[in-house]
Amino acid sequence: MQPTSSYIGRFAPSPSGPLHMGSLVTALGGFLQAKVHNGIWRLRIDDIDPPRIVPGAVESIQSSLIAHGLLWQDEVVMQSHNQQRYQKALHQLSESGLVYFCECTRQQIKAKGPYYAGTCKYKTNLTPPYSVRFNNPGGVCSIEDNRLGTVSTDPVATGEDFIVKRKDGLYAYHLASVADDIAMGITEIVRGEDLLLPTACQWSLFRALQKTPPQCMHLPLVTFADGRKFSKQNYAPALDNNCAAQNLTEALSYLNLQVPVEIVHSGVNEVLHWAIEKWHTKHFC
Ligand code: GLU
């Protein structure tokens, strides 16, 4: 079906390994949101941090999405191709007096407390290498989430002068993500609940770049029995593409949808079709 609305969503995995159940929940939730809005669902590969890139992960992520019927629209966006965009965003912040250089090391910052205290804000003689920090005009106290409703966020944490360009010259996640979400015309960000705080930090960046933040929806996390989050760092098992209909069924159970057994047996397309119908009538909040 052709998109008929202005909804644009995205799935933005980092290519640090294959997809696991946690990433499938996020991908599926985002896909369903785009489908019920008759919108577009895009794929962005967050490959700005070369040391974290695992060879073959981009191909593995794409083939897993395809095996699960989660077909994205438009060309795949690679963050590694967007340096000029990030540079422009940084320039815009700089023109507005919203960045400054920082020479602090991690140890120095840690010694002073959990958050960066603005130590270099008014310094003039700095020793390289420097990072570039966002001169944060004020923390975000709450965000409106399309599943969770109003979520309070810690204004001290979200008000930190976080790094936008690292000492090694790489653009930081918040800046790259916001610059891309703006350029891609994203109208709703669907991501895991572990990213609630980053979302609130990013809302300040959207505003600093004179853009209204998009809508957002944070989805439940998949955890191991001991409560640890499913992640590549925690060695969450990779999805088995041969069991795609079962994987989708498990992912849907995290989204509070129980797929009838006969639908699971009918295959991936039937499960997705069933899920889109159910998602239509689902009321969050
Ligand atoms: N690429 C990051 C991740 O996989 C961020 C995703 C996002 O911005 O939603 O966690």
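Atoms within a ligand are numbered from 1 in the order they appear, just like the ligands themselves.
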Relative to the heavy atoms of Ser14, which atoms of ligand 1 are at a distance of less than 4.0 Å?
1 (N), 2 (C), 3 (C), 4 (O)

Identify the closest protein heavy atom to atom 6 (C) of ligand 1: which residue and atom is it, and at what distance?
Ala12 O, 3.3 Å

Below 4.0 Å, non-hydrogen atoms only: which portion of Ser177 touches ligand 1? Side chain, backbone, both or neither.
side chain

Can you check whether Phe230 and Phe224 have ring centres sitting under 6.0 Å from each other?
yes

Checking the N or O distance criterion of under 3.5 Å, is ligand 1 in contact with Ile189?
no

Is it true that Lys167 and Glu103 make a salt bridge, defined as a side-chain N closer than 4.0 Å to a carboxylate O?
no

Protein residue, atom and distance nearest to atom 10 (O) of ligand 1, heavy-atom basis:
Leu195 CD1, 4.1 Å

So which of His174, His218, Arg10 gets nearest to atom 9 (O) of ligand 1, if we judge by its closest heavy atom?
Arg10

Taking NZ, NE, NH1 and NH2 as the nitrogens, is one of them in Asp49 or Arg166 under 4.0 Å from a carboxylate oxygen of the other?
yes

Side chain proximity check, Leu252 to Leu32, heavy atoms < 4.5 angstrom
yes

Side-chain ion pair, Glu95 and Lys88, N-O less than 4.0 Å
no

Nearest heavy atoms of Ala27 and Trp41, plus distance in Å:
O-CZ2, 3.3 Å

May I ask you to list the atoms of ligand 1 that are less than 4.0 angstrom from any heavy atom of Tyr173?
5 (C), 7 (C), 8 (O)

Heavy-atom contact check, 4.0 Å cutoff: does Phe11 meet ligand 1?
no

